Student: 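This is the structure, below, for whatever I ask next.
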Amino acid sequence: MQFNYSNPYTSTRLPVFARNVVSTSHPLAAQAGLRMLWQGGNAVDAAIAAAAAITLTEPVSCGLGSDAFCILWDGKELHGLNASGHAPQTWTPEYFKRKYGDDAKTPPKRGIDSVTVPGAVASWVAMSERFGKLPFENLLQPAIEIAERGYLLPVVVQQKWAAATPELQNQPGFAQNFLPWGRAPNVGELFTFPAAAKGLRAIAKSKGQAFYGGEIAHAIEQFSTKHGGSITARDFANYKAEWVTPIAQNYRGYTLHEIPPNGQGIAALIALGILENFDIASLQVDGVDSQHLQIEAMKLAFADVYRYVAEPSAMEVTPAQMLDPSYLKSRARLIDMNRAQDFGAGNPVKGGTIYLSTADENGMMVSFIQSNYMGFGSGCVEPNFGISLQNRGHGFSLNAQGLNPANLVAPGKRPFHTIIPAFLSKDGQPVMSYGVMGANMQPQGHMQTLVRMLDYQQNPQAACDAPRWRYNAGLEINVEASLNHDTAQGLQARGHQVGVINDSYQDFGAGQFIWRAGNPKVEGYVVASDARRDGLAAGF
C-alpha cells in the first residue's frame with residue numbers, strides 16, 4: 001500500500017498532562033528522552049538524549065556538527081548556556097576577500113568555509129557534568145541505536161530533505177551520507193546512518209573529548225583541508241561552551257528570559273517591552289488591530305537587533321540599554337495604528353533548527369535548542385564519523401562599514417546567532433519552558449505565542465496551533481493561509497505587503513511548550529507540540 005500522506009483535514013492537537021514530560025519535533029527523540037526519565041534520570045539527562053537522537057531523526061535541521069543554546073531551571077535558579085561556535089583562527093575579512101573576491105559581503109552560504117567550530121556536543125557534556133544524574137555514555141545510547149538500526153522517514157522531514165537535495169547534493173560528503181539511493185529517501189523508507197553511530201560512540205566513550213581535539217577533530221581537519229577549508233583540530237580543542245546569565249523582560253506580571261547576545265533573543269524582549277505600553281488584551285485576538293500592533297513592535301525590535309547585536313565584547317551598546325523602559329516607551333510612540341512603517345534603528349545610548357523541552361517531577365525544566373542553521377547547514381558531512389557541519393559562519397559580516405560593524409568576522413569570534421531558547425517565570429518561580437524554531441521567526445514566535453497565552457488566556461497548544469505571521473524586511477510580511485481572511489486584508493489596507501504561504505516548516509516556525517502546574521510543589525505540566533512538524537509531546 002502506497003499511502004497519500006497529505007491530510008486534507010484540519011487536525012487539532014490537545015495538550016498533554018503529566019509529571020515527567022518531553023516535547024520535541026520528532027516522536028523518537030521524545031521517546032529517547034522519556035527512556036532516561038524512566039531510568040531514574042532527570043530533565044537534563046532527558047534533554048541530552050533527545051538532542052542526540054534528533055540529530056539522526058531530523059538531520060535537515062541539526063546534526064553532530066550543530067550549535068546549541070540552553071536555559072534551564074535546576075530547581076532553585078535559572079542558568080543559561082551559550083554553545084555557539086567561534087571562527088577558526090585563520091578567518092579574517094582578508095581571508096574571504098582573497099578566496100571569494102572583494103565584493104563578498106559575508107562568508108559563503110554553503111561549503112566548508114561557512115563552518116565555525118560546532119558547539120552542540122560541548123553543550124551536552126557541560127549540561128551532563130553540571131546537572132545530569134545518569135552516566136553520559138548512557139544518554140547517547142538511543143541515538144546510537146537509531147543510527148545503526150535506522151528509522152522510517154516521516155512526512156515533514158522528508159519534504160525538507162527532498163527540497164534541499166538539488167542545492168546540496170554536490171557538497172562534500174552530502175550524497176554519500178544523505179542520498180543513500182542517489183536521491184532523498186521517500187516517506188516510510190528506512191534510513192540508517194552508520195557513520196554517525198561511530199561518531200556517537202566515540203563521543204559517548206570519551207565524554208566529548210574525541211570531538212574537541214581528539215580523533216573526530218583531526219578527521220574534520222583533514223576533511224576541511226581536502227576541500228579547501230582552514231578549520232583545525234586546535235580550533236576544536238580551544239572551544240568551550242559558556243555558562244551565562246539570561247537577560248529578561250517583564251510582561252503582564254510575568255518575566256520572559258532569553259540568552260544574551262550574540263543571539264537574537266533580545267528581539268522578543270524588546271518587542272514585549274514595547275507591547276507593554278498598549279492594552280492589547282482589549283483588541284480582538286485574531287483581529288487586524290492586535291496583529292498590526294504586534295508586527296510593528298517586532299519591526300522596531302529587529303531594527304535595533306540587526307544594527308547592534310553581535311559578540312558582546314564587540315557591541316557598542318549593552319542589552320540593558322536596549323531594554324531600558326524609557327527607551328522602549330519612546331520606540332512604542334513611533335507606532336501608527338493605521339499605517340505600516342519601515343523603521344530604522346534607534347539610539348539606545350543615553351546622551352533549520354530544532355527546539356525541545358523537558359521537565360521532571362522534581363521541578364527541573366530544560367529549554368534547549370540546536371541547529372545546523374540553514375537546512376543541512378553547510379551541506380558538508382565528514383564521512384568517517386558522520387559529522388554534518390553547520391554553516392553559522394555565513395552570519396558574519398566582511399564589511400567594517402556595513403549595517404552592523406560589530407559583527408565583522410575575526411579569529412575566535414562568534415557570529416550573530418538566530419537560535420534562541422526561552423523561559424518564563426513569575427515572582428522568581430518557573431512557569432514555562434518553551435521555544436519556537438525557524439531562523440528570524442524565532443523571536444517573532446516567542447512574542448506571538450506569549451501574547452496569546454498571557455493577554456488572551458489561550459492554552460499552550462491553542463497558542464501553538466494558532467495562525468502566525470512573519471516579518472521579513474521593509475513592509476513585507478508573510479502570513480499563514482489559515483490566518484483570518486479579513487485580518488489579512490486589513491493588514492494589506494494599512495500598507496503591509498502581505499504574502500500568503502502554505503509551507504509552515506521554516507516560514508512560521510514550530511514550537512514546543514511546557515507549562516508548570518503548581519507552586520511551590522510540582523503538581524505536573526501542561527505540554528504542547530507544534531503540528532507544523534512531526535513532533536510529539538509525551539509524558540508519564
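The figures here come from the full heavy-atom set of this structure, side chains too, leaving out hydrogens, waters and symmetry mates. Just so you know, these numbers come straight off a predicted model, no measurement behind them.
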Student: Between Ser388 and Asn372, is a side chain to side chain contact (heavy atoms under 4.5 Å, CB included) present by the stated rule, with each step listed?
Tutor: CA-CA 8 Å; Ser388 177; Asn372 268 353; 3.3 Å; yes
Student: Is the Lys NZ or Arg CZ of Lys198 less than 6.0 Å from the centre of Phe385's six-membered ring, within 45° of the axis?
Tutor: yes
Student: Under the side chain to side chain donor-acceptor pair (under 3.5 Å) rule, what do Gln31 and Trp38 come out as? Steps first, then yes or no, please.
Tutor: CA-CA 10 Å; Gln31 294 297 328; Trp38 275 114; over 6 Å; no
Student: How far apart are the C-alpha atoms of Phe211 and Trp124, what are their side-chain angles, what is the distance that settles it, and do they pass the ring pair (Phe, Tyr, Trp, His ring centres under 6.0 Å) test?
Tutor: CA-CA 12 Å; Phe211 199 94; Trp124 305 347; 8.6 Å; no
Student: What are the two closest non-hydrogen atoms of Ile112 and Gly228, and how far apart are they?
Tutor: CG2-C, 4.0 Å
Student: Answer yes or no: is there a side-chain heavy-atom contact under 4.5 Å between Met36 and Leu134?
Tutor: yes
Student: Keeping to residues at least two apart or across chains, list the salt bridge (Lys or Arg N to Asp or Glu O under 4.0 Å) pairs with something in residues 61-73.
Tutor: none
Student: How far apart are the closest heavy atoms of Pro88 and Thr116, and which atoms are they?
Tutor: CD-CA, 4.4 Å
Student: For Thr92, enumerate each residue passing the side chain to side chain contact (heavy atoms under 4.5 Å, CB included) test, keeping only those at least two apart in sequence or located in another chain.
Tutor: Glu94, Tyr95, Pro411
Student: Could you check whether any side-chain heavy atom of Phe69 comes within less than 4.5 Å of a side-chain heavy atom of Leu81, counting everything from C-beta outward?
Tutor: no
Student: Just wondering, do Leu389 and Ile387 contact through their side chains at under 4.5 Å, heavy atoms?
Tutor: yes
Student: Carefully, step by step, assess Glu242 and Val244 under the rule side chain to side chain contact (heavy atoms under 4.5 Å, CB included).
Tutor: CA-CA 6 Å; Glu242 179 187 4; Val244 297; 3.7 Å; yes
Student: Mind checking whether Phe178 and Phe376 have ring centres under 6.0 Å apart?
Tutor: yes
Student: Determine whether Met432 and Arg516 make a side-chain contact, defined as any pair of heavy atoms from C-beta on separated by less than 4.5 Å.
Tutor: no
Student: Would you please test Gln512 and Ser529 for side chain to side chain donor-acceptor pair (under 3.5 Å) and show each step?
Tutor: CA-CA 5 Å; Gln512 318 295 330; Ser529 182; 2.8 Å; yes
Student: Mind listing the closest non-hydrogen atom pair of Met437 and Ser25 along with its distance?
Tutor: CE-CB, 3.7 Å
Student: Given the rule in the side chain to side chain donor-acceptor pair (under 3.5 Å) test, do Asn384 and Glu382 qualify, once you have shown the distances and angles that lead to the verdict?
Tutor: CA-CA 6 Å; Asn384 296 304; Glu382 193 286 317; 3.0 Å; yes
Student: Show the nearest heavy-atom pair for residues Tyr212 and Ala120, with the distance to one decimal.
Tutor: OH-N, 4.2 Å
Student: Within the 4.5 Å heavy-atom criterion, are Val157 and Thr57 side-chain neighbours or not?
Tutor: no
Student: Taking only Lys NZ, Arg NE, NH1 and NH2, and the carboxylate oxygens of Asp or Glu, determine whether Asp74 and Lys76 approach each other closer than 4.0 Å.
Tutor: no
Student: Between Glu361 and Lys521, is a salt bridge (Lys or Arg N to Asp or Glu O under 4.0 Å) present by the stated rule, with each step listed?
Tutor: CA-CA 9 Å; Glu361 59 188 336; Lys521 183 179 178 181; over 6 Å; no
Student: What I'd like to find out is whether the side chain of Met127 reaches to under 4.5 Å of the side chain of Cys70, using heavy atoms alone.
Tutor: yes
Student: Checking ring pair (Phe, Tyr, Trp, His ring centres under 6.0 Å) for the pair His417/Tyr373: CA distance, chi angles, key distance, verdict?
Tutor: CA-CA 9 Å; His417 243 273; Tyr373 191 21; 7.5 Å; no
Student: Can you name the nearest heavy-atom pair linking Phe236 to Gly213, along with the distance?
Tutor: CB-N, 4.0 Å
Student: Using modelled atom types and a 3.5 Å cut-off, is there a donor and acceptor pairing between side-chain atoms of Gln442 and backbone atoms of Ile420?
Tutor: yes
Student: For the pair Arg35 and Glu145, evaluate salt bridge (Lys or Arg N to Asp or Glu O under 4.0 Å) and give the outcome as yes or no after the intermediate values.
Tutor: CA-CA 13 Å; Arg35 279 175 60 178; Glu145 292 172 17; 3.2 Å; yes
Student: Going by the salt bridge (Lys or Arg N to Asp or Glu O under 4.0 Å) test, which pairs reach into residues 105-133, not counting sequence neighbours?
Tutor: Lys99-Asp113, Lys109-Glu167, Arg110-Glu167
Student: Working note: Ser371 + Ser66, criterion side chain to side chain contact (heavy atoms under 4.5 Å, CB included); need CA distance, chi angles, decisive distance, verdict.
Tutor: CA-CA 5 Å; Ser371 172; Ser66 287; 5.5 Å; no
Student: In a table with atom names and distances, give each donor-acceptor pair under 3.5 Å that connects a side chain of residues 256-267 to protein atoms at least two apart or in another chain.
Tutor:
{"residue": "His257", "atom": "NE2", "partner": "Ser425", "partner atom": "OG", "Å": "2.7"}
{"residue": "Glu258", "atom": "OE2", "partner": "His446", "partner atom": "ND1", "Å": "2.8"}
{"residue": "Asn262", "atom": "OD1", "partner": "Asn82", "partner atom": "ND2", "Å": "2.9"}
{"residue": "Asn262", "atom": "ND2", "partner": "Ser84", "partner atom": "OG", "Å": "3.3"}
{"residue": "Asn262", "atom": "ND2", "partner": "Pro415", "partner atom": "O", "Å": "2.7"}
{"residue": "Gln264", "atom": "NE2", "partner": "Thr418", "partner atom": "O", "Å": "2.7"}
{"residue": "Gln264", "atom": "NE2", "partner": "Ala439", "partner atom": "O", "Å": "3.0"}

Student: Can you list the residues that meet the side chain to side chain contact (heavy atoms under 4.5 Å, CB included) rule with Ala87, with sequence neighbours excluded?
Tutor: Trp91, Phe396
Student: Quick one: does Asp534's side chain get under 4.5 Å of Val155's, heavy atoms only?
Tutor: yes
Student: List the atom of Leu139, the atom of Pro142, and the distance in Å for their closest heavy-atom pair.
Tutor: O-CD, 3.6 Å
Student: Carefully, step by step, assess Tyr525 and Phe17 under the rule ring pair (Phe, Tyr, Trp, His ring centres under 6.0 Å).
Tutor: CA-CA 6 Å; Tyr525 302 93; Phe17 302 84; over 10 Å; no
Student: Check the pair Phe423 / Trp515 against ring pair (Phe, Tyr, Trp, His ring centres under 6.0 Å), numbers first and verdict last.
Tutor: CA-CA 10 Å; Phe423 201 95; Trp515 185 285; over 10 Å; no
Student: Any salt bridge between Arg183 and Glu189, counting N to O under 4.0 Å?
Tutor: yes
Student: Does the side chain of Val522 reach to within under 4.5 Å of the side chain of Arg19, using non-hydrogen atoms?
Tutor: no
Student: Applying side chain to side chain donor-acceptor pair (under 3.5 Å) to Glu58 and Ser61, what does each step give before you reach the verdict?
Tutor: CA-CA 6 Å; Glu58 200 172 327; Ser61 301; 3.0 Å; yes
Student: Going by salt bridge (charged side-chain N to carboxylate O under 4.0 Å, His left out), name the residues that satisfy it together with Glu311, two or more places apart in sequence or in a different chain.
Tutor: Arg414
